[in-house]
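Fair warning: this is a prediction, and the values are worked out from it, not measured in the lab. Lettering of chains follows the sequences in order, A, B, ..., and the numbering in each one begins at 1.
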Protein chains: 2
Amino acid sequence: MSMGPKQAILAGFAGVARALGHAHRLELLEHLGQGERGVDALAVRVGLSLANASQHLQQLRRAGLVANRRDGKFIYYRLADDGVTDLLTALRRQSERNLAEVDRIRRGYFADRDSFEPVSREDLLERVASGLVTVLDVRPQDEFGQGHLPGAVNIPLGELQDRLAELDPDREVIAYCRGAYCVFAFEAVAALRAQGRPARRLVDGFPEWKAAGLPVATSF
Amino acid sequence: MSMGPKQAILAGFAGVARALGHAHRLELLEHLGQGERGVDALAVRVGLSLANASQHLQQLRRAGLVANRRDGKFIYYRLADDGVTDLLTALRRQSERNLAEVDRIRRGYFADRDSFEPVSREDLLERVASGLVTVLDVRPQDEFGQGHLPGAVNIPLGELQDRLAELDPDREVIAYCRGAYCVFAFEAVAALRAQGRPARRLVDGFPEWKAAGLPVATSF
DNA sequence: TTTACAATCAAGTAATCTATTGATTGAAGT
DNA sequence: ACTTCAATCAATAGATTACTTGATTGTAAA
């Protein structure tokens, strides 16, 4: 079946879109947005069998969305570049705007937990500069270590109740985690407000911050 | 099969991505980017049977990418909003950057025809303001009528040879058509340069211009 | 070597997607 | 009412995709 150059190019684009066309692969990409990971770690986090995760990752690789490297007997996958996060953001925006189903879930589940306007990246930068807020990273420690917002405090969601003392009760907390639909940040904000503390959520998560070209700190 | 709110949302995103995951649907979207069209007109232009085109369009509608309205016995489809063009642009960018296959075709076919740097939208605006260039729209007349760049001259590609007299030979021509991979603009630039006339190509096409919020003129 | 283990590959089944065909619906015109 | 025609629906066969299982590859350590 021969086709013109335009059809061939469109088929290429379609292949990339199809690679994004499965919830498991989108979730793999969300985790890869936090930093490089081995296949087994990804499989466990997303709840897939090892073989299944491996095959999904290979589809993403064929589509040019992720890259990998071998180190000893481990193979580490990572996003091909920051542009992947931009594409995911565009997909999310479009879906939020015009897909009734997504909007319904968002209203039903997420709106309850956080009726306050999320903070934009620009706002956060301003507030940090004027020393008014604490930036709180509620992801697991290893993800924090691979990269986080400069000056952020890391308290994984599960430890938040026990470590409240580490947060100055008079400063507003701005919490973030993996991305716009990462549940951790919603839960953290709800928990803090339940204690009467001022808290809001960053509009999206770490990968979007990084893709926007803003500074990133690491712990290793 | 129950799943958390996040999985449900990701499944929604995946559905939108899958809707983009077929070359025929991408081509339908490209045509819809020029303006509203009936099902039969779309089917003919993309080379699909009526029933097949109808079904693809319905998939796009379920994904919230297009909308339609009935007028008499015709049903007209259109892009749901300008954001769809932004998503398509993001998909194109990502594919061009990281998909070897796309890059190979682009080099092999398109680079031959246009070794000159395409003109950005900003450049075009500047040059038009200083009166140095002729903006040439090489799409069919009906597409031009539904919306075009302000001040553009419409000469469909097939008529270009016969109507060369309408173009001032001393002014550079900037040609555009449906989008970044619309062949008309490439062919037009090649034909003009073969005549020894200065000509370049706008970096992408009409839908991207419109989605960028720049002014649009119509003929009806 | 042998052993261990991360990851991929290969094969098979169930589910989903694509395109065609012919029947059906809905709105105009006769 | 009847006809016409745009578009959708319904049913089907063929192709592609998803996930599982068990075998295989590649690297490191015993």
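Nucleotide C:dA7 holds its P atom 13 Å from the CG atom of A:Leu28, rounded to whole Å. Going from atom NE2 of B:His24 over to atom P of C:dC17 covers 18 Å, rounded to whole Å. Computed from coordinates, the A:Leu48 CG to D:dC19 C1' distance equals 10 Å when rounded to whole Å. We find that CG of B:Asn52 is positioned 15 Å from C1' of C:dG22, with the value rounded to whole Å. Across the protein-nucleic acid pair, A:Leu57 atom CG and C:dC9 atom P stand 12 Å apart, rounded to whole Å. Atom CZ in A:Arg61 sits roughly 13 Å away from atom P in C:dA7 (whole-Å rounding). In this structure, CG of B:Asp71 is placed 14 Å from C1' of C:dG26, rounded to the nearest angstrom. Summarising the geometry, the separation between CD on A:Gln55 and C1' on C:dG12 is reported as 12 Å, rounded to the nearest angstrom.
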Mind running ring-ring contact (aromatic ring centres under 6.0 Å, His included) on A:Phe110 and A:Phe186 for me, showing each step along the way?
CA-CA 7 Å; A:Phe110 293 99; A:Phe186 288 90; 4.7 Å; yes
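Distances were taken from every side-chain heavy atom of B:Lys73 (C-beta onward) to each of D:dC5, C:dT8, C:dT18; the shortest belongs to D:dC5. The side chain of A:Phe74 sits closest to C:dA7 out of C:dT21, C:dA19, C:dA7. Distance from the side chain of B:Ala51 is smallest for D:dC9 among the nucleotides D:dC9, C:dG26, C:dA19.
Taking the six-membered ring where the residue is Trp, B:His24 and B:His22 present tilted rings, their angle falling between 30° and 60°.
Mapping A:Ser54 and B:Gln59 onto DNA chain C by nearest heavy atom places A:Ser54 at the nucleotide closer to the 5' end. Map A:Ser49 and A:Arg18 each onto its nearest nucleotide of DNA chain D; the residue landing nearer the 5' end is A:Arg18.
Among the heavy atoms of the strands, none lies under 4.0 Å from A:Tyr76. Note on B:Arg25: only backbone sugar-phosphate atoms sit closer than 4.0 angstrom, heavy atoms only; bases stay farther off.
Between A:Tyr77 and C:dT8 there is a side-chain polar atom (N or O) within less than 4.0 angstrom of OP1 or OP2. Applying the 4.0 Å criterion to OP1 and OP2 of D:dT8, one finds that B:His56 has every side-chain N and O outside that range. Close to D:dA7, at under 4.0 Å from its OP1 or OP2, lies no side-chain N or O of B:Gln58.
Distance CD/A:Gln146 to CG/A:Asp142: 7.0 Å, rounded to 0.5 Å.
The side-chain tip of B:Arg139 points at the ring of B:Phe206 from less than 6.0 angstrom away and within 45° of straight on.
Taking the side chain as every heavy atom from C-beta outward, A:Leu202 and A:Leu124 approach each other to under 4.5 Å.
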